Undergrad: 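I have a structure here, written as structure tokens, and I will follow up with some questions on it.
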Amino acid sequence: MSREVRVRFAPSPTGPLHIGGVRTALYNYLFAKKYQGKFILRIEDTDQARYVPGAEMYIKDSLDWLGITPDESPWNPGAVGPYRQSERKPDYMKYALSLVEKGLAYYAFDTAEELEAMRERLTAARVVQPQYNSITRMQMKNSLTLPEDEVKERLASGEPYVIRVKIPRKEEVRLHDQIRGWVMVHSSTLDDKVLMKSDGMPTYHLANIVDDHLMGITHVIRGEEWLPSAPLHVLLYRYFGWEDTMPEFAHLPLLLKPDGNGKLSKRDGDRLGFPVFPIDWKNETTGETASGFREQGYLPEALLNFLAFLGWNPGDDRELFTKEELIEAFSIERIGKAGTKFDIAKAKWYNEQYLRAKSDAELAPYVQGSAEKDGFQISGETAEAIAALTKGRVSFPAEMWQESRFIVIAPEKFDEQVVSKKWNADAVQVLSAYQEKLDSFEGQFYAVTAKLLLESTAEAEGIKLGKVMQAVRLSVTGLGAGPDLMEIFAILGPQEVARRIRFALESLPLAQ
RNA sequence: GGUCCGUUCGUCUAGGGGUUAGGACGCAUCCCUUUCACGGAUGAAACACGGGUUCGAUUCCCGUACGGACUACCA
């Protein structure tokens, strides 16, 4: 009988969640849902110095926006809470001490200066990797080297100490990773990592193992940056006697910068012209805002789809997946091994696909919102018409309004390049006649109606419509290019079109 | 430096001992369009290198190169 699948996303609230973290969360979510398991959010706030207020809510808001809401979290706790490590503080010392009792960990009293001196001494002695390990620990101040009485005395006097894990001298540590297969590391390359810090808080390594065990985590899906410390984690499971329920590991390939080298970092923010955060993040100390995908106009379902394909693929040619389809298709076996460069052009393409798939009614509020920011109130009807006209031409919702604001705002200036090239006697002749016909027009004014009327006008004047078409567009929109002109006429209505044409005729006298 | 991980078109990737090495983004050309886009079609574009193993390696093995992660009382 296999256990219920339980996975966790465990960010530390040290700032805004970056997009790589979002992908990790997504993969965890997809995996959990695929197997009808639970997706847990655990806040790893054991580093008091780096704690950033607001980061927790940012994480929650980001996940909510993308629809990858945890089944258990600080905000909807399950049975294994609390879900913030700072609130689980008493547990960790207990577990660390159990290791000390078993002789698998020890107290260490070395000061920062002493540690630094040790590293310098080792470096001077040409030791390739100066570290606190099975060899050097015998020259340091710890419960392995100090007399028992002195250790007790130091502890009783309240002297600061840490608890370090005792890594075996010679041992091959084997670790199975679902993406990379078996990974072998020799314990001699590992150091005696700190488990409990002198402030009484656990380090990531201890807290992570204890919590994953206590929370019944079955699969650890996390970034590749954790692979080097995974052998230590395996060792800890063994030391605690939890090997039989040790989770499966899957270390995800990293998200890389699109330019140059290295992993995509928070600093890359707006440097590269695209966001690396899911939603806007305002830095309270500097007052600066790092932009997010949401505010840039990315639709959550598009970003989700894009993110899923960064390092994973379904094995066939399909690329457009709803969240439900992703859940159905997802598997750890199909996650790639190599790092993935972040290509914003593809994200944009996904956004276009999802934008076009939306109904005009769904898009209307976006148009109304943009208009309002611009200082205009427009009706739902107009907004829908604009959406219909522009959604196939743009990448982001806000561009629909930008593409068509001349519908609401009559042009006062005209594109000079188009004026000089296309504004001529023929155009003036056709437009003069057309505006008169529009004035006397009665009945429903559809796009085809507008077109028929324009065509017959040009014909009556003996002028090829194709020669003056751009001038017609110019007179009504002020521009040389844009959405289907006749559809625009239909939205404006005959009177408004006629009025604009007259304004253009007055504003643009023909040069003699 | 050390340990670990990786390497198919510019990018995301499929594939896998014998293939015209497939798709997508982007790019180019053409078609559609009385504009610009959308859409459609076509095209250019890749198995890092060197050794093995094999009748045959892009695919398996080893090495090299290159890239990346880690190397804190940070996660």
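Since we're looking at a predicted model, the values are computed, not measured. In what follows, chains are A, B, ... by sequence order, proteins preceding strands, each numbered from 1.
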Undergrad: Pairs under 3.5 angstrom only: tabulate donor-acceptor contacts from the side chains of residues 181-189 of chain A to other protein residues two or more places apart or in another chain.
TA:
{"from": "A/S187", "atom 1": "OG", "to": "A/P168", "atom 2": "O", "distance (Å)": "2.8"}
{"from": "A/S187", "atom 1": "OG", "to": "A/R169", "atom 2": "O", "distance (Å)": "3.3"}
{"from": "A/S187", "atom 1": "OG", "to": "A/E171", "atom 2": "N", "distance (Å)": "2.9"}
{"from": "A/S187", "atom 1": "OG", "to": "A/E171", "atom 2": "O", "distance (Å)": "3.3"}
{"from": "A/T189", "atom 1": "OG1", "to": "A/H186", "atom 2": "O", "distance (Å)": "2.8"}

Undergrad: List in numerical order all residues of residues 190-202 of chain A for which some heavy atom is under 4.0 Å away from an atom belonging to RNA chain B.
TA: A/V194, A/K197, A/S198, A/P202

Undergrad: Considering only the C1' atoms, how many Å lie between B/U8 and B/C70, rounded to the nearest integer?
TA: 27 Å

Undergrad: Given atom CZ of A/F309 and atom C1' of B/C12, what is their separation to the nearest angstrom?
TA: 10 Å

Undergrad: Once you apply a heavy-atom cut-off of 4.0 Å, does A/R318 come out as touching a base, just sugar-phosphate, or nothing?
TA: nothing

Undergrad: Does B/G39 have OP1 or OP2 sitting under 4.0 Å from an N or O in the side chain of A/R356?
TA: yes

Undergrad: Does the side chain of A/T46 get closer than 4.0 angstrom to OP1 or OP2 of B/A75 through an N or O atom?
TA: yes

Undergrad: Regarding A/K263, tell me which of base, sugar-phosphate or nothing describes its non-hydrogen contacts under 4.0 Å with the strands shown.
TA: sugar-phosphate

Undergrad: Does the side chain of A/R180 come under 3.5 Å of the side chain of A/H251 through a donor N or O and an acceptor N or O?
TA: no

Undergrad: Does a side-chain N or O of A/N313 approach OP1 or OP2 of B/U13 to a distance below 4.0 Å, or not?
TA: no

Undergrad: Using the C1' atom as the point on both nucleotides, what is the distance between B/C55 and B/A41, in whole Å?
TA: 42 Å

Undergrad: Could you report the tightest heavy-atom contact between A/Q296 and A/P275, atom names first, then the distance?
TA: CG-CG, 3.6 Å

Undergrad: Categorize A/G392 for me: base, sugar-phosphate, or nothing, with a 4.0 angstrom heavy-atom threshold over every strand shown.
TA: sugar-phosphate

Undergrad: For B/U3, give the paired nucleotide (Watson-Crick: N1-N3 plus N6-O4 or O6-N4; G-U: N1-O2 and O6-N3; both under 3.5 Å), or none.
TA: B/A69

Undergrad: Contact class for A/D484 vs. all strands (heavy atom < 4.0 Å): base, sugar-phosphate, or nothing?
TA: base

Undergrad: Mind checking whether A/Y161 and A/Y107 have parallel, tilted or perpendicular rings, split at 30° and 60°?
TA: perpendicular

Undergrad: In this structure, is the centre-to-centre distance between the rings of A/F321 and A/F309 below 6.0 Å?
TA: yes

Undergrad: Would you call the rings of A/Y204 and A/H233 parallel, tilted or perpendicular, where under 30° means parallel and over 60° means perpendicular?
TA: tilted

Undergrad: Taking any heavy-atom pair under 4.0 Å as a contact, classify A/Q129: base, sugar-phosphate, or nothing.
TA: base

Undergrad: Identify whether any heavy atom of A/P11 sits under 4.0 Å from a base atom; if not, whether one sits that close to sugar-phosphate; answer base, sugar-phosphate or nothing.
TA: nothing

Undergrad: Do the side-chain N and O atoms of A/Y83 and A/D211 include a donor-acceptor pair separated by under 3.5 angstrom?
TA: no

Undergrad: How far, in whole Å, is B/A45 from B/A21 if one measures between their P atoms?
TA: 13 Å

Undergrad: Does a side-chain N or O of A/T340 approach OP1 or OP2 of B/U11 to a distance below 4.0 Å, or not?
TA: no

Undergrad: At 4.0 Å (heavy atoms only), tell me whether A/V183 reaches a base, stays on the sugar-phosphate, or touches nothing.
TA: sugar-phosphate

Undergrad: Reckon A/R50 touches a base, only the sugar-phosphate, or nothing at all at heavy-atom distances under 4.0 Å?
TA: base

Undergrad: Need one value for A/R126: base, sugar-phosphate or nothing, where a base atom within 4.0 Å counts as base even if backbone is also close, heavy atoms only.
TA: nothing

Undergrad: B/A57 and B/U19: how far apart are their P atoms, nearest whole angstrom?
TA: 11 Å

Undergrad: Reckon A/L227 touches a base, only the sugar-phosphate, or nothing at all at heavy-atom distances under 4.0 Å?
TA: sugar-phosphate

Undergrad: Quote, to the nearest angstrom, the P distance that separates B/C49 from B/U58.
TA: 9 Å

Undergrad: Now, which nucleotide makes the Watson-Crick or G-U wobble pair with B/U64, with each of the two distances under 3.5 Å?
TA: B/A48

